[in-house]
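In what follows, a structure is listed as structure tokens, so that the remarks can point back to it.
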Protein chains: 2
Amino acid sequence: MMKLSKMSDYAVVMMTLMGADPLANHTATTVAEKSGLTVPTVRKLMKMLSKAGLLNSTRGVNGGYTFAKNPNMINVSEIIEAVDGPIAMTTCLDRTQTTCVMDSHCPTKDRWHVINDAVRTALQAVTLGQFIEPTNPLVRVEFDEECKDNACNV
Amino acid sequence: MMKLSKMSDYAVVMMTLMGADPLANHTATTVAEKSGLTVPTVRKLMKMLSKAGLLNSTRGVNGGYTFAKNPNMINVSEIIEAVDGPIAMTTCLDRTQTTCVMDSHCPTKDRWHVINDAVRTALQAVTLGQFIEPTNPLVRVEFDEECKDNACNV
DNA sequence: CTATATAGAACAAATATTGTCCCATATATA
DNA sequence: TATATATGGGACAATATTTGTTCTATATAG
């Protein structure tokens, strides 16, 4: 059904919940509680989001995750790609794959990238901030205000 | 990876190959030969495309499939939906599904339809004709010329 | 030194997709 | 009318993918 994976769906939900308090330090445990997802699953996703550079992580006691950038500067495409890898509508656009039944005499090969780009653009156009705002319209203001005098790499 | 299903990918390939001869009668067997896909798979897909109203079918000897409309009037979204069902990025947008872990307290529910629409729009913007044209620039002309005096419901 | 928290990798279970097969129905032709 | 050919519909096993969990390693505050 051309569906987003559950994992990236979860990731967007998690990020949205975290975004309600965009400056806080979030642990896998607290996010699991807020979201209703299990701790192991949240842990797995947090790692991915951190690895992708969307979250900063701190290990050890009092460790956890903070936003690496302003939620308004994070788009949905970034979250999805962090979890599911590059958006590739067809196997031939996925560089990690090599095999294709049709291979060279495939008549559609060249046209897919147009669609692929269109989908990616659509996903890039929506920011995490837009997901958060209905819940908390002050997110952006909060984040930017606080960060003026701090080390946030907005 | 937010990927198209193989089936709908195959369907686009098949339709593209058929589009090289847009007025001809195509059987599952001939399309299987041209595409390199197996006959049972092609049969299954042809049925779906026919049921969706993209192809007209004729049973019995000399039966087969013809385009139900001008390939330029068929968009990629139609082909995908014929095979995979409605484009629903998340489970909560899929009306055939009911269960969702988060259900009512899901913070992202309302925003997804924006993205969903954007993706659908992107897929609607590309026509089958655009897939065919690099192979055969005359498709549109051929189809329309022939249909002027015929029963084609263009 | 201990408790807490993330990093990374490997794995079993659950789910979804694929590909195939069967039988029913329609139709042109001998 | 009998036969060969073609699609229609549904069921199914095999396969692939995704999901969710668990384990061990590493980092750090107190």
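Just so we're on the same page: letters track the sequence lines, and every chain starts at 1.
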Spacing between A:K51 atom NZ and C:dA7 atom P, to the nearest angstrom: 10 Å
Inter-end axis angle, the helix from C:dC1-D:dG30 to C:dA30-D:dT1, with every axis fitted to five base pairs (rounded, 10 degrees): 10°
Could you run down the sub-3.5 Å N/O contacts of the protein with nucleotides 25-28 of chain D?
unit_1: D:dT26; atom_1: O2; unit_2: A:R59; atom_2: NH1; d: 3.1
unit_1: D:dA27; atom_1: O4'; unit_2: A:R59; atom_2: NH1; d: 3.1
unit_1: D:dT28; atom_1: O2; unit_2: A:V61; atom_2: N; d: 3.3

Interatomic distance where NZ belongs to B:K6 and P belongs to D:dT15 [whole Å]: 13 Å
Please identify each residue that fulfils salt bridge (charged side-chain N to carboxylate O under 4.0 Å, His left out) with A:R120, with sequence neighbours left out. A:E81, A:D117
Just the rounded figure in Å: distance from P of C:dT17 to CG of B:L4. 12 Å
Considering all heavy atoms of both residues, which atom of B:F67 and which atom of B:N56 are nearest to each other, and what is their separation? O-ND2, 3.9 Å
Residues at least two apart in sequence or cross-chain that pass side-chain hydrogen bond (donor to acceptor under 3.5 Å, both in side chains) with B:T27, listed by chain then number, are B:T30
Restricting to side-chain contact (heavy atoms from CB on, under 4.5 Å), what partner residues turn up for B:A125, sequence neighbours left out? none
Tell me every residue that passes side-chain contact (heavy atoms from CB on, under 4.5 Å) with B:V61, counting only those two or more places apart in sequence or in another chain. none
Here the salt bridge (Lys or Arg N to Asp or Glu O under 4.0 Å) pairs for residues 52-67 of chain B, sequence neighbours left out, are none
Results of side-chain contact (heavy atoms from CB on, under 4.5 Å) for B:A32 - residues two or more places apart only: B:V39, B:V42
Using 0.5 Å steps for rounding, measure from the OG1 atom of B:T29 to the CE atom of B:M46. 9.0 Å
Position toward the 5' end of DNA chain D (nearest nucleotide), A:N62 or B:Y65: B:Y65
A:Y10 side-chain N/O to D:dG20 phosphate OP1/OP2 under 4.0 Å: yes
Between N or O atoms, less than 3.5 Å apart, protein on one side and nucleotides 21-24 of chain D on the other: list the pairs.
unit_1: D:dT21; atom_1: OP2; unit_2: A:T38; atom_2: OG1; d: 2.6

A:S50 near the nucleic acid: base, sugar-phosphate alone, or nothing, with a heavy-atom cut-off under 4.0 Å? sugar-phosphate
Could you give the distance from CH2 (A:W112) to CG (B:D9), rounded to the nearest 0.5 Å? 6.0 Å
Would you say the side chains of B:S8 and B:D84 form a donor-acceptor pair under 3.5 Å? yes
Without decimals, in angstroms, what is the distance between B:L45 CG and D:dT7 P? 13 Å
Counterpart residues, side-chain contact (heavy atoms from CB on, under 4.5 Å), relative to A:T41 (two or more places apart): A:M7, A:Y10, A:T38, A:L45
Atom pair distance, as rounded to whole Å: CE in B:M14 and P in C:dG19: 12 Å
Between B:M48 (CE) and C:dT17 (P), how many Å, whole number? 11 Å
Separation of atom CG in B:D84 from atom P in C:dA16, rounded to whole Å: 14 Å
Can you tell me how far C1' of D:dG8 sits from CG of B:N56, to the nearest Å? 15 Å
